[in-house]
Amino acid sequence: MLRSAATGGLAAAAASGAVGAARAQSGRKTFVFVSGAFCGGWIWRRVTDRLEQGGHKVFAPSLTGLAERSHLLSKDVNLDTHIADVVNLIKWESLENVCLVAWSYAGFVGSGALESIGDRISSAVWLDAFIPADGQRVADYAAEPVRKGIQMAIDKGEAGVRGSAHYPASVVAERDRAFAESKVTPHPVGTYLQQIKVSGALQKVAKKTYIRLPKFPQPPFDKALADCKSDKSWATFELPDVGHMAMLDAPDRVSELMLQAA
């Protein structure tokens with residue numbers, strides 16, 4: 001069923017009730033969803049609702065300075081802060097056998113977190129997400145508009161980088177555009193500028209899945225997909241008709257992929 005995701009067959013399967021069947025068969029899973037830039041746990045709500053209804057344990061933390069934690073935005077928030085958000089959640093909730101899901105910017109956060117809690121992670125899903133090498137910065141990957149936003153924040157002495165005022169269809173479907181635009185918040189500038197320290201903990205995770213959403217143009221994600229395709233320890237999938245905010249565009253398909261990949 002998971003293989004059919006690339007061809008769109010999964011949509012029909014989900015519509016016929018296969019999501020419920022998979023929930024019943026898969027046993028209780030524990031998921032930790034980590035959000036991308038400008039977003040928080042709110043963006044996962046449609047997916048987390050579906051998984052929780054199936055009896056799974058789900059956490060979707062908003063990282064420091066974002067969403068309902070936007071009042072904590074400051075110049076002191078950096079990549080280590082966001083990594084600690086995820087590490088501490090998993091430690092204090094005493095989570096084991098976790099499926100760690102990283103979306104977009106969170107590829108940096110998840111990669112860093114795994115250096116500390118890799119033994120608690122049984123599977124990893126990178127959804128249109130960065131796979132950084134040691135010493136890289138998020139800013140090194142940023143598209144030109146984001147680079148300008150970073151520089152503008154630095155020049156003005158602001159703690160946050162402002163995102164796009166209007167999201168195209170490659171990011172989110174028209175029906176959810178106003179909703180998404182009403183929820184996003186400035187992203188802590190320090191997270192873009194700090195070099196990540198990784199030693200390959202992501203590659204040591206036993207079960208790894210990379211999902212690419214090619215409707216969203218992002219060369220680093222294309223490279224990540226190609227690298228994962230050439231590595232037999234990764235499963236790879238593409239959803240060509242879904243925007244970057246796939247959890248809003250296609251929550252049934254994303255939920256099914258998560259269950260199969262966990």
Side-chain angles (χ1 to χ4, degrees), residues 33-44 60-89 102-116 126-168 170-172 177-199 202 213 216-224 243-245:
F33 290 93
V34 190
S35 303
F38 315 109
C39 299
W42 60 267
I43 200 166
W44 295 104
S62 290
L63 302 174
T64 300
L66 294 158
E68 76 275 12
R69 303 182 71 207
S70 57
H71 60 289
L72 299 176
L73 178 66
S74 79
K75 294 178 183 178
D76 294 329
V77 178
N78 58 19
L79 184 60
D80 281 345
T81 311
H82 284 177
I83 290 170
D85 285 337
V86 176
V87 169
N88 288 346
L89 167 70
W103 168 61
S104 199
Y105 153 77
F108 269 80
V109 180
S111 295
L114 281 165
E115 296 292 322
S116 298
W126 258 227
L127 175 63
D128 238 18
F130 295 113
I131 300 181
D134 186 57
Q136 290 185 319
R137 307 178 307 160
V138 182
D140 298 334
Y141 283 121
E144 187 58 29
V146 178
R147 287 177 185 269
K148 289 181 179 179
I150 294 170
Q151 191 58 53
M152 187 179 300
I154 293 171
D155 292 343
K156 292 184 176 181
E158 295 178 344
V161 177
R162 299 184 184 278
S164 172
H166 301 287
Y167 284 129
S170 62
V171 174
V172 65
R177 182 177 298 167
F179 169 73
E181 291 172 355
S182 74
K183 295 287 188 182
V184 295
T185 51
H187 190 86
V189 66
T191 65
Y192 288 103
L193 305 176
Q194 184 184 11
Q195 292 179 316
I196 193 170
K197 298 176 183 178
V198 290
S199 63
L202 173 59
L213 309 166
F216 179 66
Q218 179 60 283
F221 297 167
D222 294 331
K223 182 181 185 303
H244 187 51
M245 293 181 174

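Just so you know, these numbers use all the heavy atoms, side chains as well, and skip hydrogens, waters and symmetry mates.
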Backbone N/O of Leu79 and side chain of Gln194: donor-acceptor pair under 3.5 Å: yes
Reported CG-to-OG1 distance for the pair Leu72 and Thr64, which is rounded to 0.5 angstrom: 6.0 Å
Result of checking Thr81, Val34, Val77, Ile83 against Leu63 for side chain to side chain contact (heavy atoms under 4.5 Å, CB included): Val34
Atom of Tyr192, atom of Ala37 and distance for their closest heavy-atom approach: OH-CB, 3.7 Å
Non-hydrogen side-chain atoms of Pro188 and Leu73 separated by less than 4.5 Å: yes
Stepwise ring pair (Phe, Tyr, Trp, His ring centres under 6.0 Å) check, His82 with Phe108: CA-CA 9 Å; His82 284 177; Phe108 269 80; over 10 Å; no
Validation row: Ser116, Val87 side chains within 4.5 angstrom (heavy atoms): yes
Euclidean distance, Leu66 CG relative to Thr191 OG1, rounded to 0.5 Å: 8.0 Å
Smallest separation among heavy atoms of Trp103 and Leu127, with atom names: CD1-O, 3.2 Å
Side chain Lys183, main chain Gly40, donor-acceptor under 3.5 Å: no
For the student: nearest non-hydrogen atoms of Ser35 and Trp44, plus distance: OG-NE1, 3.2 Å
Closest non-hydrogen atom pair between Ala129 and Ala224, with its separation: O-CB, 4.2 Å
Cys39 vs Val184 side-chain heavy atoms within contact, under 4.5 Å: yes
From OG (Ser111) to CD1 (Ile196), nearest 0.5 Å: 5.0 Å
Nearest non-hydrogen partners of Leu89 and Pro61, listed with the distance: CD2-CG, 3.8 Å
Within 6.0 angstrom of Arg162 CZ, more than 12 heavy atoms from elsewhere: no
Phe221 side chain reached by His244 side chain, heavy atoms, under 4.5 Å: yes
Main-chain N/O of Val198 paired with Asp134 side-chain donor or acceptor, under 3.5 Å: yes
Pairwise distance CE(Met245) to OG(Ser170) - rounded to 0.5 angstrom: 10.0 Å
Separation between OH of Tyr105 and NE2 of His187, rounded to the nearest 0.5 Å: 4.0 Å
Main-chain N/O of Tyr167 paired with Glu181 side-chain donor or acceptor, under 3.5 Å: yes
Pro132 to Tyr141 - nearest heavy-atom pair and separation: CA-OH, 4.1 Å
Atom pair CG/NZ of Asp80 and Lys197 - distance to nearest 0.5 Å: 6.5 Å
Donor on one side chain, acceptor on other, Ser62 and Trp42, under 3.5 Å: no
His71 NE2: over 12 foreign heavy atoms closer than 6.0 Å: yes
